[in-house]
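A quick write-up on the structure given underneath.
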Amino acid sequence: MSDLNTQAVAKYRNNFLKEVEACVEEGDWVKMCMQCGVCSGSCPFGPHWDHPPQELFMMIRAGKREEVLTSSSMWMCTSCYNCIVRCPREIPITHIMHGLANYAHRLGLAPKNQPTRHFSGLFWNNIIKTGRVNELKLSLGLYFRDGLVSGIKVGMAMASVGIGMVLAKRLNPLELLKPHGCKDTKGIHAMLKKAREIEDRRKGLTAA
Ligand code: SF4
Ligand code: SF4
């Protein structure tokens with residue numbers, strides 16, 4: 001169990017709803033859910049997940065901490081915003097889904113082999129370096145996530161798409177050697193550092 005997880009467990013003593021309210025983005029909305037099921041019925045992918053949004057919110061209130069935080073469901077949210085638009089209580093469901101995923105990740109409880117989690121990590125690590133996404137590096141990172149052989153196979157299968165993108169000037173192979181960044185990369189790094197400090201302080205999860 002990570003230090004952060006130990007702190008969170010000690011602090012909230014099994015009151016998972018309070019923990020979510022304090023530590024998850026927009027988590028204080030969860031108690032407003034009246035379990036009407038509109039969000040789950042509107043979610044294009046919900047039926048294919050272990051726990052669609054309404055069910056996750058019910059589990060949070062029931063104190064099912066481990067089941068919620070180790071679930072892959074919130075990692076599947078595509079931010080289509082269907083649920084938010086239709087929720088009669090105007091609950092920011094999409095933000096809570098991403099907030100739960102982020103919190104589970106920070107606690108070290110998120111499922112290890114979840115593909116969208118892998119994509120999120122690659123995307124984040126890619127964009128924070130220069131402030132701009134290097135599409136080629138991101139694509140290669142995805143192709144080779146399961147090793148060299150599988151990466152070559154995926155790369156060959158996607159070759160015509162890649163060539164099409166290069167010809168359409170949507171992908172530049174030289175980006176691998178000389179990635180383009182935003183004008184003030186140091187400023188981006190300072191901003192991210194500050195944001196993380198503020199976030200940690202707000203959630204009371206810093207060691208101090
Ligand atoms: S639509 Fe809103 S109120 Fe209804 S179950 Fe979903 S989150 Fe709860
Ligand atoms: S925003 Fe996410 S949870 Fe909401 S309907 Fe779309 S995919 Fe489902």
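In listed order, ligands and their atoms are each counted from 1. Only heavy atoms go into these numbers, but all of them, side chains included; no hydrogens, no water, no symmetry mates.
Of all heavy-atom pairs between Ser42 and Arg86, the closest is OG-CD, 3.2 Å. Between Ser73 and Leu56, the closest heavy-atom pair is CB-CD1, 4.4 Å.
Protein N/O/S atoms closer than 2.8 Å to atom 8 (Fe) of ligand 1, listed by chain and residue number, are Cys33 SG.
Side-chain atoms of Thr130 do not come within 3.5 Å of backbone N or O of Gly181 as any donor-acceptor pair. At least one donor-acceptor pair under 3.5 Å links the side chain of Asn126 to the backbone N or O of Asn134.
The protein atom (non-hydrogen) at minimum distance from atom 8 (Fe) of ligand 2 is Cys43 SG, 2.3 Å. Nearest to atom 4 (Fe) of ligand 2 among the protein's heavy atoms is Cys83 SG, 2.2 Å. Of the protein's non-hydrogen atoms, the one nearest atom 2 (Fe) of ligand 2 is Cys77 SG, 2.3 Å. Among protein heavy atoms, atom 6 (Fe) of ligand 2 sits closest to Cys80 SG, 2.3 Å.
Applying the 4.0 Å criterion to heavy atoms of Tyr81 picks out, from ligand 2, the atoms 1 (S), 6 (Fe). Set against the non-hydrogen atoms of Thr78, the atoms of ligand 2 under 4.0 Å away are 2 (Fe), 7 (S). Set against the non-hydrogen atoms of Asn82, the atoms of ligand 2 under 4.0 Å away are 5 (S).
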Can you list, pair by pair, the side-chain donor-acceptor contacts under 3.5 Å of residues 155-170, counting residues two or more places apart and other chains?
none

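Checked against side-chain hydrogen bond (donor to acceptor under 3.5 Å, both in side chains), Lys129 has no partners two or more places apart in sequence or in another chain. The side-chain contact (heavy atoms from CB on, under 4.5 Å) check on Cys83 picks up Cys39, Ile93, Thr94, with sequence neighbours excluded.
Donor-acceptor pairing under 3.5 Å is recorded for the side chains of His95 and Tyr81.
Under the side-chain contact (heavy atoms from CB on, under 4.5 Å) rule, Met97 has a single partner from Ser79, Cys77, Pro52, which is Cys77.
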